[in-house]
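Here's the structure, in structure tokens; my notes come after.
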Amino acid sequence: MRWLTGFTLGLLTAVGGFLDIGDLVANSVVGSRFGMTLAWVVPVGLVGLMLFTEMSARVTATTGRGTFDLVRERLGPRVGLANLLASYLITFLTFAAQLGGMALALELASGIHYLLWVPVAAAFVWIVLWRLSFERMEKTYGILGLALVVFGVALWMLGPDWGVLLEDAASFAPPAQEGPAVWWYYAIALFGAAMTPYTVLFFSSGGVEEKWGPRDLATAKVNVFFGLPLGGLLSLCIMACAAVVLMPAGIQVSDLGQVALPVVSVLGKVGLIVVILGFVAATFGASLESGLSAAYAVSQYFGWRWGKALPPEKAPYFHLVIMVSLLAGVLFMLTGLDPITVTEYSLVFSAAALPLTYLPIFVVANDRGYLGDRVNSRFTNILGSLYLVLLCAVSVAAVPLMVYTKAGQ
Amino acid sequence: MLETFAPCARAPGRPSAATLPPSAAPSRARLLIRAPGLTRAFVLALGLVLAVLALTGCVAPTPTADSHRDAAEQTVVDLLSAVATGILVADAHRRDLALGPYLETTAGDAEEAARSIADTFGVLQPPTPEADLLRARLTPLCDDAVNALADLRIALNRDDAEGVAEAARLLAHSSDALTLLQGELS
């Protein structure tokens, strides 16, 4: 019974914790501009995320050590530093975007300008990181994040022509009014949203925090292989809602309020309250995850003691990195940069840096010295190699496409 | 307080996972932060990041008639998006579908977006007399859209149903005019 409870909660957490401001914005922007023509990117990104998250979970459950710890040890300080710089910068940008996203969601609920909410959101994040246990923290926001299921309900209530949506999804071509460069640019942003590096880093380091052993591997795999796809399904629902309501109206999403419009149009005030709750939970959860991930990455690389469970006097540098990242994130958002724009840029830079994050994990997961018989199977290696080629292609194309399309204009 | 860093080289006979406490630092490494290779790698990475930021921060001027026309077309598309958002917000208010702060914030964001779009087009230098004509036609449409969205925000703030209805009418008119121009430009 206890196992069942743990499994259910883990699954819910994986679903609710999958979506962050990047997924909310990217899926809605894409749905409103390209309909369902980029829906194929979600499963492609999802399979990659599942593949590398499972590898990372396997490494953690077998070795009991964090990913960056092993990457530096296995690949040396140079590769480790490149890995760290890429992961930290992207994770920091994501962290700042989540803080901004949470402030935007609170603005929607209160009418008070989001910049006034940024420090409040950061303080709330800090208090939870300081006071709440890892397990309770993870499950609370994960379950609250399930409020985003409201997009699935709204889609059902909208009663779209499912055949047209499917036909659109299978077209694999941009709509007539959009060019291929912009279409590919958003494909990369959507891919970056699905494969955000902090997800893998948090999942593996969280495993260390929760003291995973080989016996926990089965539960972790179920959460990865069932929870994440359900989260991906929610992403598609957000995209479809935008495709059904916003695209025909000629609305191209540029604000969080527009993301909620399809839900409001069919579910009214109750739907609005639920969707704003979902926005807050998703961005808040992602703030916690990305903030912790930034500190995990730095601490594991430098070999400092780390862990949310450890008090500041026992892991001073770990807590210092969290505090500095939080402060820097707040200052970054208080410059007045549009959080949605920051999110979009973070997704593209994330896509550009993907190989630096995932290649080392792939190498470590093939090291018998660490994993013994639990190294990657032949199938995992074939799939992983294909994904690494894809990640490199995405990485090379991301920034030139951003420049060429003027960031998707 | 300060931990000893572990050597970065891979060591044989590594301890098994079970022997390591979860959050303990590996005790065999020294971080070669002062190594020249590391410094070089860091400078290279920093240079790349700065180059990317510089490249993406560059905004090209509008040197030709074609690119001015493209900018006008993009302005119309973006304005139509903001105006359509305003129309949906007004409709949600009429049907009592949403709470005041949400409607006001969303309308305010649409107004801000429209104003930014109008300003961006406004500063473009028209390269030809034909471009002057296009500018003379589009600029009032920009102003109309921004003003209608501002009216909507003000009416929503006052919970003034008649004011919202009037703003919705203006937005519909603005949308029609922009759609007409879009048809001519494309």
- Message: Return the CG to CG distance between B/L97 and A/L272, rounded to the nearest 0.5 Å.
- Response: 9.5 Å
- Item | Shortest non-hydrogen contact from A/A249 toward B/A84 | O-CB, 3.2 Å
- Task: Quick one: pull up CG in B/D109 and CD in A/E107 and give me the separation to the nearest 0.5 Å.
- Result: 6.0 Å
- Task: For chain A, find which of B/V89, B/D96, B/T179, B/V83 contributes the most heavy-atom pairs closer than 4.5 angstrom.
- Result: B/D96
- Inter-residue atom distance A/D338.CG - B/E112.CD, 0.5 Å rounding: 8.0 Å
- Output the option from B/T85, B/L80, B/T106 having the highest count of non-hydrogen pairs under 4.5 Å with chain A. B/T85
- Shortest non-hydrogen pair, B/P101 vs A/G111, comes out as CB-N, 3.5 Å
- Task: Measure A/A260 against the heavy atoms of chain B and call it side chain, backbone, both or neither at under 4.5 Å.
- Result: both
- Message: Heavy-atom cut-off 4.5 Å, strictly under: side chain, backbone, both or neither for A/I273 against chain B?
- Response: side chain
- Report, as yes or no, whether the 6.0 Å neighbourhood of atom CD on A/E178 holds more than 12 heavy atoms from other residues, nucleotides or ligands. yes
- Where on A/A82 is there a heavy atom nearer than 4.5 Å to chain B: the side chain, the backbone, both, or neither? neither
- Item | Residues, nucleotides or ligands: over 12 heavy atoms within 6.0 Å of B/H173 NE2 | no
- Would you check if the side chain of B/S81 reaches a backbone N or O of A/Q252 as a donor-acceptor pair within less than 3.5 Å? yes
- Message: Is it the case that atom CD in B/E162 sees more than 12 heavy atoms from other parts of the structure closer than 6.0 Å?
- Response: no
- Tell me, for B/A92 versus chain A, whether the close heavy atoms (under 4.5 Å) come from the side chain, the backbone, both or neither. side chain
- Task: Considering only heavy atoms and a distance below 4.5 Å, find which of A/G213, A/G80, A/A109, A/G268 pairs most often with chain B.
- Result: A/G268
- Which distance, rounded to the nearest 0.5 Å, do you find between the CG of A/L261 and the OH of B/Y102? 3.5 Å
- Query: At a heavy-atom separation under 4.5 Å, does B/E104 approach chain A through its side chain, its backbone, both, or neither?
  - Reply: neither
- Message: If I take atom CG from residue B/L99 and atom NZ from residue A/K269, how far apart are they, to the nearest 0.5 angstrom?
- Response: 6.0 Å
